[in-house]
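Let me begin by presenting the structure, written as structure tokens, before commenting on it.
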Amino acid sequence: MRTIKLFYTLLPFLFFACDRTADTEEENTIESYTIEQFMNTEQIGGSAFSPDESKIMYSSKKTGIYNAYELAVEGGEATQLTNSDSESIFAYSYFPEDERILFSSDKGGNEINHLFVKNLNGETTDLTPDSTAKAQFMGWAPDKQSLYYASNSRNPQAFDVYELSIDQIDEVESSVAAYQPQMLFENDGRFYPGPISEDKKYMALTESITRQKVNMYLQNLETGETTLLNDAEDEIAYNPQYFSKDGSKLFFLSDKDSEFTYLSSYDIASGETTKIEEAPWDIMYAYLSENGKYRVIGINNDAKTEIKIYEEESGEQVQLPEMPGGEITSVNISDSEKLMAFYVNSSTSPNNLYVYNFESGEYTQLTDTMNPEIDENDLVDGEVVRYASFDGMDIPAILYKPKIIAEGEKAPAMLWIHGGPGGQSGLGYNALIQYLVNHGYAIFAVNNRGSSGYGKTFFAADDQKHGQDDLQDCVEGKNYLATLDYIDSTKIGIMGGSYGGYMTLAALAFEPEEFNVGVDIFGVSNWLRTLQSIPPWWGAARESLFNEMGNPETDSAMLYNKSPLFFADQITKPLLVLQGANDPRVLKVESDEIVEKVEANNVPVEYVVFDDEGHGFLKKDNQIEGYQAILEFLDKYLKEEEPVEASL
């Protein structure tokens with residue numbers, strides 16, 4: 001079975017409509033673009049080949065909300081396959097022998113995803129109709145006659161694994177029977193299901209104890225026996241990736257005796273472990289192509305993705321095409337192993353879909369997602385920099401310098417703090433950042449301690465120190481910006497989404513004189529409540545998060561003291577808050593209460609709520625409304641100038 005990976009940005013475009021130009025030191029005119037121009041840059045992701053490999057399906061937000069589209073592998077005009085105008089649709093796969101399509105969708109961002117099939121007659125059927133249960137596609141069985149999926153329908157806190165045959169799907173379409181999927185694995189709540197061997201004998205499982213301790217198990221689907229594969233005392237993170245085609249070995253990632261994760265194999269018969277590949281960075285994932293001809297490796301190389309492909313039999317590395325100025329991501333090899341779909345992006349260029357022919361060595365660009373009205377030369381490449389924090393620890397960050405700064409001028413700046421905890425800001429295209437930089441703001445995307453991608457010591461360095469040591473990394477980031485001759489040190493703010501929103505609130509509450517403004521995008525204000533209200537489908541990961549952040553039952557004093565809500569009387573700088581009403585991770589009350597508390601300080605507060613969004617804003621109209629408010633807020637309270645009138 002091949003694992004299908006889809007990646008979508010949860011914090012999309014932030015734009016504001018205005019019309020300004022300025023000259024750089026080289027006396028080149030830099031265009032400032034309107035919100036409408038930026039929003040006409042298409043967001044796309046995912047890829048799946050049709051059964052005859054003549055077409056590729058992907059998800060696109062061309063209509064203002066994600067829908068499924070397909071393109072011929074030779075190129076041409078895209079065909080829209082779904083027509084949702086209310087809920088985002090994320091395409092997974094064609095059916096193995098026909099052009100029915102499988103996709104996922106939830107309701108208003110509530111994250112209760114269901115699996116749907118669009119039939120050949122155009123009708124859509126919900127394969128997982130339990131309205132309270134979340135489902136996740138796990139791939140097609142090797143014989144292509146059934147699909148695997150995980151669902152928490154039986155127990156809200158445990159994902160069981162099911163197999164549903166295509167014959168049963170056909171029968172339901174004909175109104176002959178109801179769905180009767182076969183349960184392959186009943187989860188007691190400790191585990192998260194992983195890959196399944198081709199003979200359906202084994203499944204790999206993980207058990208999250210902490211971020212640094214993730215156990216790996218082998219589940220015998222025939223006997224029901226569950227075997228721990230690592231030493232029980234290991235403080236190591238294990239991550240199973242795939243089984244060999246003959247089912248004799250399990251390939252997995254771990255960081256045993258290393259700062260970084262590397263690929264190894266486990267021989268099921270002998271119990272012998274062999275290291276396969278390592279890098280001076282984390283290997284993020286690995287998988288085999290359908291028939292085992294190619295092994296694909298993804299490496300997190302200093303905030304950018306590095307892809308390596310090997311011929312499995314010879315071990316020789318495949319030479320991928322040179323993509324000037326961009327990085328290859330999201331590789332998907334067709335079942336025939338003749339074609340490869342992949343994406344290319346850079347700081348200044350959004351995702352574009354390509355197809356590569358292994359036999360001819362030629363590739364074709366299938367999409368051109370940048371709005372042709374935007375000149376890529378007006379956008380800014382991110383630069384990886386490092387600075388010393390309060391205790392001497394090196395902190396990586398990505399710096400974006402506005403091109404519109406004239407000689408002798410100084411720009412206002414915003415620290416951008418990623419989500420997580422444990423996320424990472426990378427060098428890929430970020431329309432939010434490009435828009436703000438295009439309008440004169442320097443952006444400093446800080447990968448504070450606790451960020452992934454820089455080794456397990458760095459990753460663990462903020463455990464139970466959130467809002468303290470990682471916040472000081474942000475303060476030192478501000479101090480670093482103040483040393484740059486083109487930064488106005490009197491006009492530096494902080495912003496972020498999710499955990500980055502918490503960091504924004506923590507900065508304003510616990511270091512009230514350090515930053516001039518804050519933009520909180522669905523950030524945590526009360527850790528006691530947030531940790532108590534974790535969605536049930538987080539299951540065992542809940543305990544892992546408690547070990548990292550603190551347990552609300554036993555560490556209530558610590559969590560109280562790091563919750564900005566209880567220290568909101570110390571917030572004196574202007575604050576903007578954005579929130580989705582259906583957010584299951586950071587409840588709307590988190591934002592309601594911090595806004596109320598800060599308003600009581602007679603501090604400028606603006607609040608934008610979207611009734612049909614969750615943890616991330618996916619709808620174009622909402623992005624226009626909410627993100628225009630961000631630039632207007634920054635122009636008013638950081639630049640201290642009146643907002644420019646929007647242009648249509």
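Of the N and O atoms on the side chains of N230 and N215, at least one donor lies less than 3.5 Å from an acceptor on the other residue. A donor and an acceptor atom, one from each side chain of D282 and N300, are nowhere located under 3.5 Å apart. Inspection of the E383 and Y400 side chains reveals no N or O donor paired with an N or O acceptor under 3.5 Å. Side-chain polar atoms of S270 and D267 form a donor-acceptor pair below 3.5 angstrom. Checked by atom type, the side-chain pair Y454/Q424 shows a donor-acceptor distance below 3.5 Å. The closest side-chain donor-acceptor pair between Y499 and D470 falls under 3.5 angstrom.
Two rings, from Y287 and Y242, have their centers 6.0 Å or more apart. You'll find the ring centres of F522 and F617 inside the 6.0 Å limit. Taking the six-membered ring for Trp and the full ring otherwise, F185 and Y148 have centroids separated by 6.0 Å or more. Aromatic pair F243/F251: centroids not less than 6.0 angstrom apart. Ring centroids of Y502 and W527 are separated by less than 6.0 Å, placing the two rings close together.
Of all non-hydrogen atoms in G194 and M203, the two that sit nearest each other are O-CG, 3.9 Å. Residues I395 and S389 come closest through the heavy atom pair CG1-CB, 3.7 Å. When all heavy atoms of I571 and L505 are compared, the closest pair comes out as CD1-O, 4.5 Å.
Relative to the ring axis of Y486, K401 places its NZ or CZ within 45° and under 6.0 Å from the centre. Both tests pass for K275 against the ring of Y262: distance under 6.0 Å to the centre and angle within 45° of the axis.
Side-chain contact between K478 and I494: absent, with no pair of heavy atoms (C-beta onward) separated by less than 4.5 Å. At least one side-chain heavy atom of V517 sits under 4.5 Å from a side-chain heavy atom of M414.
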> Under the side chain to side chain contact (heavy atoms under 4.5 Å, CB included) criterion, do F510 and Q468 qualify, and how do the steps go?
Replying inline: CA-CA 9 Å; F510 304 134; Q468 301 168 44; over 6 Å; no

> Between L205 and E207, does a side chain to side chain contact (heavy atoms under 4.5 Å, CB included) hold up when you go through it step by step?
Replying inline: CA-CA 7 Å; L205 306 171; E207 177 190 27; over 6 Å; no

> Going through the checks in order, is the ring pair (Phe, Tyr, Trp, His ring centres under 6.0 Å) test met by F444 and Y480?
Replying inline: CA-CA 10 Å; F444 198 49; Y480 170 83; 5.5 Å; yes

> Would L436 and L634 satisfy side chain to side chain contact (heavy atoms under 4.5 Å, CB included), going step by step from the backbone distance to the final call?
Replying inline: CA-CA 10 Å; L436 293 179; L634 295 180; 4.3 Å; yes

> What's the verdict on side chain to side chain contact (heavy atoms under 4.5 Å, CB included) for K134 and Q136, showing C-alpha distance, side-chain angles and the deciding distance?
Replying inline: CA-CA 7 Å; K134 183 179 176 70; Q136 182 175 344; 5.8 Å; no

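Remark: K304 pairs with N301, E327, L427 by the side chain to side chain contact (heavy atoms under 4.5 Å, CB included) rule, at least two apart or across chains. With sequence neighbours excluded, the residues forming a side chain to side chain contact (heavy atoms under 4.5 Å, CB included) with F390 are R449, D469, Q472, D473, E476, listed by chain and number. For S525, the side-chain hydrogen bond (donor to acceptor under 3.5 Å, both in side chains) test picks out E590, with sequence neighbours left out. Scanning for side chain to side chain contact (heavy atoms under 4.5 Å, CB included) contacts around T554 gives N551, with sequence neighbours left out. For T457, the side chain to side chain contact (heavy atoms under 4.5 Å, CB included) criterion is met by E259, not counting sequence neighbours. Not a single side-chain hydrogen bond (donor to acceptor under 3.5 Å, both in side chains) links Y294 to another residue, sequence neighbours left out.
Using a 4.0 Å cut-off between charged nitrogen and carboxylate oxygen, K588 and D583 do not count as a salt-bridge pair. Taking a cutoff of 4.0 Å between a charged side-chain nitrogen and a carboxylate oxygen, R585 and E111 qualify as a salt bridge. Classification of E593 and R529 as a salt-bridged pair holds, one side-chain N sitting under 4.0 Å from a carboxylate O.
When each of L545, N526, D555 is checked for a side-chain contact (heavy atoms from CB on, under 4.5 Å) with L531, only L545 meets the rule.
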